[in-house]
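Structure first, commentary second.
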Amino acid sequence: MIKKEISKNIILFILIISQNGLAHISQLDKFQIYYPKLIKSFPLDQKVEPLGRVYNFSVDEKGYIYVPDSAFSNIKIFDPSGKLMRVVGRKGAGPSEFIDPVRISINGDRIVIEDVGQLKYIVLDKNFNEINRFFYLLSGQPFVLKGDKIISNEFYRRKDGKEFRGVILDLSGSILKGLIEQKRVRNAWEAIRDSMGFIDISEEGDIFLVKSGRVYFYKFDSNGNFIKNFGVRPDYFIAPERTKDFEDMVKWGRSPQGRKAGQDWYRSSSWVSGIFVLKKLIGIPIRVYKFEKNKWECFLQFYDFEGNLVEDGIRLPEIGSSSNRGFSVDSDHINNIYILEE
């Protein structure tokens, strides 16, 4: 039975990136500086149907907000003001049923949901009529839907034994391409440090993947062919290290002692919490825990599509929480950034 955790305070912040002046950055020509400006923030409506465990969300072209709720095995749809409009699904393994939906991506007239309870991707149309579902998921990694392709940070082992982090699938579940080849033998530290990564795609089809524990990007073309790496680690970013807390987390697992060690280790490091591709820029939110304030703070870093650093260290004073669950991010691929935070 799923323990239904109720989230009392889930808020959506909407930011717009607007031009404000010029700057000369390193050896580059003059760039336009883009500063985030808060448009509005509002709580998601929980008067009729509460929110439980939320890890991810997606916003469609009309501004409607789709939130998978793994605690209640459903998808909640909110209008652009945060009012609950519809609840789709119930617990189960049949049509319009989910067990543990954790992530969602919307592109055009297609919706794809990751249900880690069934280890499946579920493909639907915009009316939530099911088109297909297929086994693939291992851990509910971040993914993005683009046209008829799912680009995921999931693990993939090819028939020849080569292993990859990241894979491109079609909507029938056929594997089209592995992304980042990995060495076969890895210890727990390497596996955990490199497991999480976030993915987004430009309108031209270029794929950008960034690691959670490192400010390190991979750029691929639309077919998954590697183009280049880039990334500039900022001074305020504290890279995860293999500390005693990490070892205790691995040793004690989900016991109270293991959970406490994991929390302490997590808070001692900085984390990339997503990626968003706008019309001309790639951005990442970076979470840094401030012990004196007992909360996480959010900083933004921006690159152009060639991987040149454009802006760094932009702190968002409106966003900050003591919750280790963090936040997820989406964009309209033009100027608007959406951040969902507990």
Side-chain angles (χ1 to χ4, degrees), residues 26 55-56 103 138-144 151-156 163-167 178-201 206-220 224 226-247 249-250 262-277 281-290 296-316 324-329 339:
S26 73
Y55 300 99
N56 175 248
R103 298 186 185 277
L138 299 175
S139 57
Q141 287 282 329
F143 79 103
V144 64
I151 301 93
S152 172
N153 191 53
E154 281 288 351
F155 174 82
Y156 165 50
E163 296 180 349
F164 296 84
R165 172 59 65 180
V167 63
L179 295 180
I180 305 169
E181 187 174 351
Q182 298 187 315
K183 60 184 180 181
R184 289 292 301 274
V185 180
R186 294 182 300 151
N187 57 36
W189 164 247
E190 292 172 324
I192 292 176
R193 184 191 62 179
D194 291 333
S195 63
M196 183 67 78
F198 299 96
I199 296 176
D200 205 355
I201 303 179
D206 288 336
I207 301 166
F208 296 92
L209 187 154
V210 64
K211 290 293 185 177
S212 171
R214 295 184 289 161
V215 183
Y216 195 76
F217 293 80
Y218 298 81
K219 180 180 179 180
F220 306 87
F226 175 74
I227 298 175
K228 67 189 301 183
N229 293 121
F230 60 91
V232 178
R233 174 179 159 181
D235 293 339
Y236 57 85
F237 189 89
I238 304 170
E241 296 182 352
R242 190 171 182 171
T243 63
K244 183 179 184 301
D245 283 330
F246 174 84
E247 301 293 349
M249 177 184 70
V250 174
Q263 174 177 287
D264 292 344
W265 175 72
Y266 190 70
R267 290 184 172 184
S268 69
S269 307
S270 303
W271 302 94
V272 175
S273 293
I275 185 172
F276 50 88
V277 176
L281 296 171
I282 311 154
I284 55 171
I286 297 175
R287 303 181 75 224
V288 180
Y289 190 77
K290 299 295 184 179
W296 293 90
E297 291 191 340
C298 177
F299 297 83
L300 296 184
Q301 189 183 59
F302 292 97
Y303 296 81
D304 66 19
F305 287 171
E306 297 305 312
N308 300 304
L309 181 65
V310 177
E311 276 295 307
D312 191 11
I314 301 174
R315 186 174 72 87
L316 301 180
N324 276 4
R325 289 193 186 181
F327 52 78
S328 61
V329 61
I339 295 177

Cation-pi geometry met for R233 and F237 (6.0 Å, 45°): no
So, for Y266 and W271, is the gap between ring centers shorter than 6.0 Å? yes
Is it true that atom CG of N229 has more than 12 heavy atoms of other residues, nucleotides or ligands lying nearer than 6.0 Å? yes
Distance-minimising heavy-atom pair for Y236 and G313: OH-N, 3.4 Å
Going by heavy atoms in the side chains, are P234 and F299 under 4.5 Å from each other? no
Here the gap from M196 atom CE to R165 atom CZ, rounded to the nearest 0.5 Å, amounts to 9.0 Å
How about V329 and S273: do any of their side-chain heavy atoms sit closer than 4.5 Å? no
Taking all non-hydrogen atoms of both residues into account, name the closest pair between E241 and F246 and its distance. O-CB, 4.3 Å
Are E306 and K219 packed together at the side-chain level, in the sense that at least one heavy-atom pair is separated by less than 4.5 angstrom? yes
Pairing residues for R267 by the side-chain hydrogen bond (donor to acceptor under 3.5 Å, both in side chains) criterion, not counting sequence neighbours: Y289, N324
Is there a side-chain contact between D200 and F208 in this structure, where contact means two heavy atoms from C-beta onward sitting under 4.5 Å apart? no
Exactly one candidate in F220, F226, Y156 meets ring pair (Phe, Tyr, Trp, His ring centres under 6.0 Å) with F164; the answer is Y156
